[in-house]
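None of these values were measured; they are calculated from a predicted model.
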Amino acid sequence: DTGVSQDPRHKITKRGQNVTFRCDPISEHNRLYWYRQTLGQGPEFLTYFQNEAQLEKSRLLSDRFSAERPKGSFSTLEIQRTEQGDSAMYLCAGGGGPYEQYFGPGTRLTVT
Amino acid sequence: DQQVKQNSPSLSVQEGRISILNCDYTNSMFDYFLWYKKYPAEGPTFLISISSIKDKNEDGRFTVFLNKSAKHLSLHIVPSQPGDSAVYFCAASLYSGSARQLTFGSGTQLTVLP
């Protein structure tokens, strides 16, 4: 157990709806990452926070995606106007140092 | 362009024998490598890592070998146990912009047969 929790674990939504996911890292994790994983692939980097500052965004993060980390604690990932191609596992990872990242259980999104 | 490749989607090994999982990378800027294990419906779990200045790192039954000239790393599990059955991802790290980013391979499903 990495201590990183994510909510919800599963989300089914209709195309065009907005969804929001939450990640709670442990207090020692000043670094927080979001990844997306599709079937048969490894996780792909989406965005990175150091404390409350969003320092890196992947080109995968279209303008329909937004992430926040207010006060440098929990983080949220919102997807607006969901598309079927957004169906994936969304993973959050925390880290205290620059190397190892510790993943939460993920949120599985299904867009119908 | 896949910078980290795991060319074997699956591997079956008898309990007690050695499991060898392989990973190749193309970007010579990667300077830190990690292996993760993933069970269904769970997030990846960190297993072991190695810096590019080393060629071997050992932790219990798990050993990671790095061959920089060949841009190849491998994970050895000895002896293999049924509980090791999972998907194994290798990941490579480099400092990009303001952060270290991980690039993952597509994973290898390891099945350890009792």
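Residue A:R108: no heavy atom, backbone or side chain, is found under 4.5 Å from chain B. Within the 4.5 angstrom heavy-atom criterion, only side-chain atoms of A:Y48, from C-beta onward, approach chain B. Only the side chain of A:L91 comes within contact range of chain B, with heavy atoms under 4.5 Å apart. For B:L34, the part lying under 4.5 angstrom from a heavy atom of chain A is the side chain only.
With respect to A:Y99, the side-chain contact (heavy atoms from CB on, under 4.5 Å) criterion is satisfied by exactly one of B:F46, B:Y32, B:F33: B:Y32.
For B:E15, the CD atom sits in a packed shell: over 12 heavy atoms of surrounding residues, nucleotides or ligands are nearer than 6.0 Å. Remark: B:R61 CZ is packed, more than 12 non-hydrogen atoms of other residues, nucleotides or ligands lying under 6.0 Å away. Heavy-atom neighbours of A:R64 CZ from other residues, nucleotides or ligands within 6.0 Å: above the threshold of 12.
Rounded to the nearest 0.5 angstrom, A:L46 CG and B:Q101 CD are separated by 10.5 Å. Rounding to the nearest 0.5 angstrom, the gap separating the NZ atom in B:K38 from the CD atom in A:Q37 is 5.5 Å.
Linking Ile, Leu, Val, Met, Phe, Trp and Tyr whenever their side-chain heavy atoms come within less than 4.5 Å leaves B:Y95 and B:I50 in two separate clusters. The hydrophobic cluster containing A:L77 does not contain A:F74, counting ILVMFWY residues as joined when their side-chain heavy atoms lie under 4.5 angstrom apart, directly or transitively. Under the 4.5 Å side-chain contact rule for hydrophobic residues, B:L110 and B:L47 share a cluster. In terms of hydrophobic clustering, with Ile, Leu, Val, Met, Phe, Trp and Tyr side chains grouped at heavy-atom distances under 4.5 Å, B:I18 and B:F62 are assigned to different clusters. Put simply, A:Y33 and A:F65 are part of two different groups of oily side chains (I, L, V, M, F, W, Y) that touch within less than 4.5 Å, one to the next.
The shortest side-chain heavy-atom distance between B:L102 and A:Y35 falls under the 4.5 Å cut-off. Between A:Q41 and B:S106 there is a side-chain heavy-atom pair separated by less than 4.5 Å.
Of the listed residues B:S93, B:A91, B:P44, B:S51, the one with more heavy-atom pairs under 4.5 angstrom with chain A than any other is B:P44. Of the listed residues (B:E42, B:R100, B:Q109), the one with the most heavy-atom contacts under 4.5 Å to chain A is B:R100. Between chain B and the options A:G40, A:A53, A:P43, the largest number of non-hydrogen pairs under 4.5 Å is found for A:P43.
In this view, A:I12 and A:T110, A:T112 satisfy the side-chain contact (heavy atoms from CB on, under 4.5 Å) rule, not counting sequence neighbours.
No side-chain donor from either of A:E100 and B:Y36 sits under 3.5 Å from a side-chain acceptor of the other.
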